[in-house]
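What follows is a set of notes on a single structure, which appears directly below.
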2 protein chains.
Amino acid sequence: MTNPPVVRDKAKTRQRILEAAEAIARREGPAAMSLDAVAAAAGVSKGGLLYHFPGKSKLLQAMVDEYLSRFDTVLEGEARTGRPNAVILAYIQHFISERERNTPPPSGLLAVFAEDPDMLAPVQRHERNFLNRIRANATDPEFATVAFLAIQAVRSAELLNTQVLVEGEITQLTDWLTARLH
Amino acid sequence: MTNPPVVRDKAKTRQRILEAAEAIARREGPAAMSLDAVAAAAGVSKGGLLYHFPGKSKLLQAMVDEYLSRFDTVLEGEARTGRPNAVILAYIQHFISERERNTPPPSGLLAVFAEDPDMLAPVQRHERNFLNRIRANATDPEFATVAFLAIQAVRSAELLNTQVLVEGEITQLTDWLTARLH
DNA sequence: CCAACTATACCGTCTGGACGGTAAAGTCAA
DNA sequence: TTGACTTTACCGTCCAGACGGTATAGTTGG
């Protein structure tokens, strides 16, 4: 009998590991995100995991990089119209579409923070840059900042499992913000 | 000069332990908050620590309780005027005064989350109740909600070491919000 | 005397990490 | 085309140390 061929694809396995790690952090808490648990969830031996990420900190770093690169990719083309408030509107729109697709929160970042708070510094810089772009492009920078913060708050609450708003209220929020940005 | 008497006071030692735990979580990350480390930082033996908190989860629970009771105490008398927007204004005012006193963020909550995300459920309920009070008391519930969220975002960012706003901008934010709530 | 600890020893489990092995896929000269 | 060799993509095992927790005997101020 012929066994099903074992497809070896470095990039795909790597991605599977990253996703498994995120899933554990989200469902069982960052503290449960051990290398053993991640390896098991990714369908990989611990040795295999360490082949892809030689050390836990490399795995954590990869989660940060992943998050930042996604952030970049998504917001690349969307805000290039140059029209007033285009950047903050693109951010809100991106938030809405994330929500519609049930995109899970980046719980991996919390695991990173749990083990080494300083590793989130790139995230901070990145968000600061983004806020600068929002403000530079806004008709009312103060209001745009508040809008940005409000969305951030909803995302943070989701990350920490302490969401205070229900689905309808979030829609109401984005509608309200959007209406005032036109 | 008289030395400060070595007073053995259960409540004070308990408090010292709680503060030491918070400090470790804040400075070295939630993952570093082991019982050994907390005991050492609190100037207490491990046995002594376990005398006060029989098990780590009891310590975590205490941190949640502590946080919630402080939340309550602070906002008890402040919002009782019944005047429109009094509740959200009190919240903003409380935020400002916390900031002036350099109150450290409740990093213990992140340690709690790291080990058991569900333990923050009381915090969620609590914040939801508070938001309800804000809205019931607001002239413009939508704006009040956005104001609440904006402050929450700043607090979350501080908690996660990813603060995007500098001191002056935070003052600007609270001024801007306050002005629109009168 | 008692509450409030300290000090020390210990246990079972888990954790990150090191290490040697190995099967399959790719490379390449003859 | 084939056999020799290299690289890739893992697996399985082991280990020292840290972890949460238990137990017990001793110390100290009021």
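Keep in mind it's a predicted model, so treat the numbers as computed, not measured. Naming: A, B, ... by sequence-line order, numbering from 1 per chain.
By the 30° and 60° cut-offs, the orientation of the rings of B/Phe71 relative to B/His126 is perpendicular.
With hydrogens and angles disregarded, a donor-acceptor distance shorter than 3.5 Å links the side chain of B/Thr174 to the backbone of B/Ile170. Between the side chain of B/Asn137 and the backbone N or O of B/Arg83 there is at least one donor-acceptor pair closer than 3.5 Å.
The nearest whole Å value for the distance from the CG atom in A/Leu35 to the P atom in C/dA18 is 11 Å. Atom CD in B/Glu115 sits about 11 Å away from atom P in D/dC19, given to the nearest Å.
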What pairs of donor and acceptor atoms, side-chain ones from residues 31-53 of chain A against any protein atom, are under 3.5 angstrom apart with sequence neighbours left out?
| unit_1 | atom_1 | unit_2 | atom_2 | d |
| --- | --- | --- | --- | --- |
| A/Ser34 | OG | A/Ala37 | N | 3.2 |
| A/Ser45 | OG | A/Gly47 | N | 3.4 |
| A/Ser45 | OG | A/Gly48 | N | 3.0 |

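If A/Asp36 and B/Gly43 are placed on DNA chain C by their nearest nucleotide, the residue sitting closer to the 5' end is B/Gly43.
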side-chain contact (heavy atoms from CB on, under 4.5 Å) evaluation trace for B/Leu59 with B/Leu18: CA-CA 8 Å; B/Leu59 173 61; B/Leu18 251 29; 3.6 Å; yes
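Side-chain N/O atoms of B/Ser34 include none lying less than 4.0 angstrom from OP1 or OP2 on D/dA18.
Annotation: proximity of residues 44-63 of chain A to DNA chain C (heavy atom, distance under 4.0 Å) is found for A/Lys46, A/Leu50, A/Gly55, A/Lys56, numbered in ascending order.
Within 6.0 Å of atom CZ in A/Arg27, 12 or fewer heavy atoms from other residues, nucleotides or ligands are found, so the atom counts as exposed in its surroundings.
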